[in-house]
**Q** 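Handing you a structure now.
Just so you know, ligand 1 is whichever comes first in the structure, and atom 1 is the first atom listed for that ligand. Since the structure is predicted, the reported quantities are computational estimates derived from the model, not experimental observations.
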Amino acid sequence: MNATHRLVRLARRPEGLPVAGDFELVEEPLPRPGEGQVLVRNTHFLVFPGLRTLIGGETRDVPLPPLHAGDVLFGPAIGEVVDGPLEKGRLVMHLQGWREYGVPAAAECRVLDGGLPDPVAYLAQGSAAYGALTRLAPVREGDTVLVTGAAGAVGTLAGQTARLLGAARVVGSTGSPAKAERLRRELGYDAAVLRGAGPFGELLAEAAPDGVDVVVDTVGGEQLTAAVLAANRGARIALVGALDGQLDPDRAGGSAPAVLDTYRLLTRSVTVAGYNGVDHQDVEAEWEERFGEWLRAGAIRFPYTPVRGMERAPGALPALIAGESFGAAVVEL
Ligand SMILES: NC(=O)c1ccc[n+]([C@@H]2O[C@H](COP(=O)([O-])OP(=O)(O)OC[C@H]3O[C@@H](n4cnc5c(N)ncnc54)[C@H](OP(=O)(O)O)[C@@H]3O)[C@@H](O)[C@H]2O)c1
């Protein structure tokens, strides 16, 4: 084992959206596990847009602490136990990503039981999509489902899950023609709407000419405005994310205003509800069981974009924001 390891720090507070130069790769002595802690050699960690909010500083109601200049980044990680109270060699999931070795408390590690066929799949962000599609905005046979941010970590699983739960037509939005093509070819989307290619409402009307019954919204902004106008009678809209505000260079990442036609909502009996996993503690286990079954049956894919090596980690969040990934962005060590 080396005497040192590498980790990623926030070097300075970004002006607007973070760029690679706002992060630095530093080398430090290997941490020693204290009482009740486990030394874990990380193999994978997730790059996620919520980091922008933690860095932007607008973290009211966010269940994770803000990140200041000099702090080590953190987030979901998979690794192998090297030392401490858990069995050596076991794979665990914990929150000390963005470093080669972590020392999470044993009580805060989840020992992976092999329920998912590939350990990396534990970093999948599908449970929020599944919770939205089964609790807040239940899909019924024959529904048309819109997933905004469809090529992202949540969206790539939301569209496939909607189909497995009975949707007849699945439409998604994304930022690039190449990703739109992958949504159709690899993930079974019927149509993809390109954000920025014209008025979103008009593009959505072409993709979903009979309106939408269920919306899994990870974006907000004009896409949510358009989704409300396209909502059929009794439609259910689940707000899962807010990328439009979270990744707005002129905002701090913790607000996302959108214009909603409330007259349309009430005359069409449309429900709009926010999804916070804290309110749905039973979802994670249920999702994981079904996700595992679907993966083993070849009924669902877990798309992710590997970012290979710690050297590339400082640029990984800006690359995610720039739309360079398809599915989850995962740093592989
Ligand atoms: N409620 C929950 O429990 C829960 C759980 C997980 C995540 N979330 C939230 O769900 C949202 C999506 O998360 P994710 O992990 O799936 O992220 P993600 O989609 O993988 O995030 C990055 C993508 O956002 C898109 N993007 C970039 N700038 C944008 C902009 N200005 N407007 C719209 N899209 C933009 C780009 O995709 P394209 O190039 O394809 O547009 C980019 O690749 C986030 O707000 C996240 O915080 C909520």
**Q** Hey, is CD on Glu311 packed in by over 12 heavy atoms from elsewhere, all under 6.0 Å?
**A** yes
**Q** Hey, is Asp244 close enough to Arg195 for a salt bridge, meaning N to O under 4.0 Å?
**A** no
**Q** Under 30°, 30 to 60°, or over 60°: which ring-plane class applies to Trp287 and Trp294, parallel, tilted or perpendicular?
**A** perpendicular
**Q** Between the candidates Val216, Val283, Leu243, which shows the shortest non-hydrogen contact distance to atom 21 (O) of ligand 1?
**A**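 When every heavy atom of Val216, Val283, Leu243 is considered, Leu243 comes closest to atom 21 (O) of ligand 1.
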**Q** Which ligand 1 atoms, with their elements, are less than 4.0 angstrom from a heavy-atom of Ala151?
**A** 40 (O)
**Q** Less than 3.5 Å between some nitrogen or oxygen of Ala242 and one of ligand 1, yes or no?
**A** yes
**Q** Parallel, tilted or perpendicular for Phe291 and Phe302, by the 30°/60° rule?
**A**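 Ring orientation of Phe291 relative to Phe302: perpendicular.
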**Q** Quick one: which of Lys179, Gln246, His280, Glu324 has a heavy atom closest to atom 46 (C) of ligand 1?
**A**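 Checking each option, the heavy atom nearest atom 46 (C) of ligand 1 is found in Gln246.
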**Q** Which heavy atom of Val193 sits nearest a heavy atom of Ala207, and at what distance?
**A**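 Residues Val193 and Ala207, closest heavy atoms: CG2-CB, 3.6 Å.
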**Q** Relative to atom 31 (N) of ligand 1, which among Arg195, Glu222, Arg52 owns the nearest non-hydrogen atom?
**A**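 Nearest heavy atom to atom 31 (N) of ligand 1 lies in Arg195.
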**Q** Among protein heavy atoms, which lies nearest atom 42 (C) of ligand 1, and at what distance?
**A** Leu320 O, 3.2 Å
**Q** If hydrophobic clusters are built from ILVMFWY residues whose side chains come within less than 4.5 Å, do Val171 and Leu157 share one?
**A**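 No.
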**Q** Quick check on the hydrophobic clustering: are Leu7 and Phe23 connected, directly or via other members, by side-chain heavy-atom contacts under 4.5 Å?
**A** no
**Q** Should the proximity of Val154 to ligand 1, defined as any heavy atom under 4.0 Å, be assigned to the side chain, the backbone, both, or neither?
**A** both
**Q** What do you reckon, does Leu247 put a non-hydrogen atom under 4.0 Å from ligand 1?
**A**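 Yes; Leu247 lies near enough to ligand 1 that a heavy-atom distance drops under 4.0 Å.
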**Q** May I ask you to identify, for Ile321, whether its side chain, its backbone, both or neither come under 4.0 Å of ligand 1 on a heavy-atom basis?
**A** backbone
**Q** Measure the distance from atom 48 (C) of ligand 1 to every protein heavy atom, then report the residue, atom name and distance (to 0.1 Å) of the closest one.
**A** Val240 O, 2.9 Å
**Q** For Arg6, is the CZ atom crowded, meaning more than 12 foreign heavy atoms sit under 6.0 Å from it?
**A** yes
**Q** Considering non-hydrogen atoms only, spot the tightest contact between Ala20 and Pro318 and give its length.
**A** N-CG, 3.5 Å
**Q** Which protein non-hydrogen atom lies closest to atom 10 (O) of ligand 1, naming both residue and atom, and how far is it?
**A**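 Here the nearest protein heavy atom works out to Gly241 CA, 3.4 Å.
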**Q** Hey, does Ser176 come in under 3.5 Å of ligand 1, counting only N/O atoms on both sides?
**A**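 Between Ser176 and ligand 1, no N or O pair is found under 3.5 Å apart.
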**Q** Nearest protein heavy atom to atom 5 (C) of ligand 1, by residue and atom, and its distance?
**A**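 Nearest protein contact, heavy atoms only, for atom 5 (C) of ligand 1 is Ala128 CB, 3.7 Å.
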**Q** Are Glu181 and Arg184 within salt-bridge range, i.e. N to O under 4.0 Å?
**A**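 Salt bridge between Glu181 and Arg184, a charged N being under 4.0 Å from a carboxylate O: yes.
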**Q** Does Phe48 reach ligand 1, in the sense of a heavy atom lying below 4.0 Å from it?
**A** no
**Q** Test your reading of the structure: does Pro49 have an N or O sitting under 3.5 Å from an N or O of ligand 1?
**A** no
**Q** Quick test: of every protein heavy atom, which one is nearest to atom 18 (P) of ligand 1, and how far off is it to 0.1 Å?
**A** Gly152 CA, 3.8 Å
**Q** Answer yes when Asp261 and Arg268 have at least one side-chain N-carboxylate O distance shorter than 4.0 Å, and no when they do not.
**A** no
**Q** Could you find the nearest protein heavy atom to atom 6 (C) of ligand 1 and give me its residue, atom name and distance?
**A**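 For atom 6 (C) of ligand 1, the nearest protein heavy atom comes out as Gln125 OE1, 3.6 Å.
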**Q** Answer yes when Arg110 and Glu284 have at least one side-chain N-carboxylate O distance shorter than 4.0 Å, and no when they do not.
**A** no
**Q** Backbone or side chain, does any N or O of Thr174 fall under 3.5 Å from an N or O of ligand 1?
**A**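 Checking ligand 1 against Thr174, an N or O pair does fall under 3.5 Å apart.
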**Q** Please identify which atoms of ligand 1 are closer than 4.0 Å to at least one heavy atom of Gly175.
**A** 38 (P), 39 (O), 40 (O), 41 (O)
**Q** Ignoring angles and geometry beyond distance, decide whether Gly327 reaches within less than 3.5 Å of ligand 1 through its nitrogen or oxygen atoms.
**A** no
**Q** Can you check which of Gly131, Ala319, Ala153, Gly196 brings a heavy atom nearest to atom 20 (O) of ligand 1?
**A**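 Comparing heavy atoms across Gly131, Ala319, Ala153, Gly196, the nearest one to atom 20 (O) of ligand 1 lies in Ala153.
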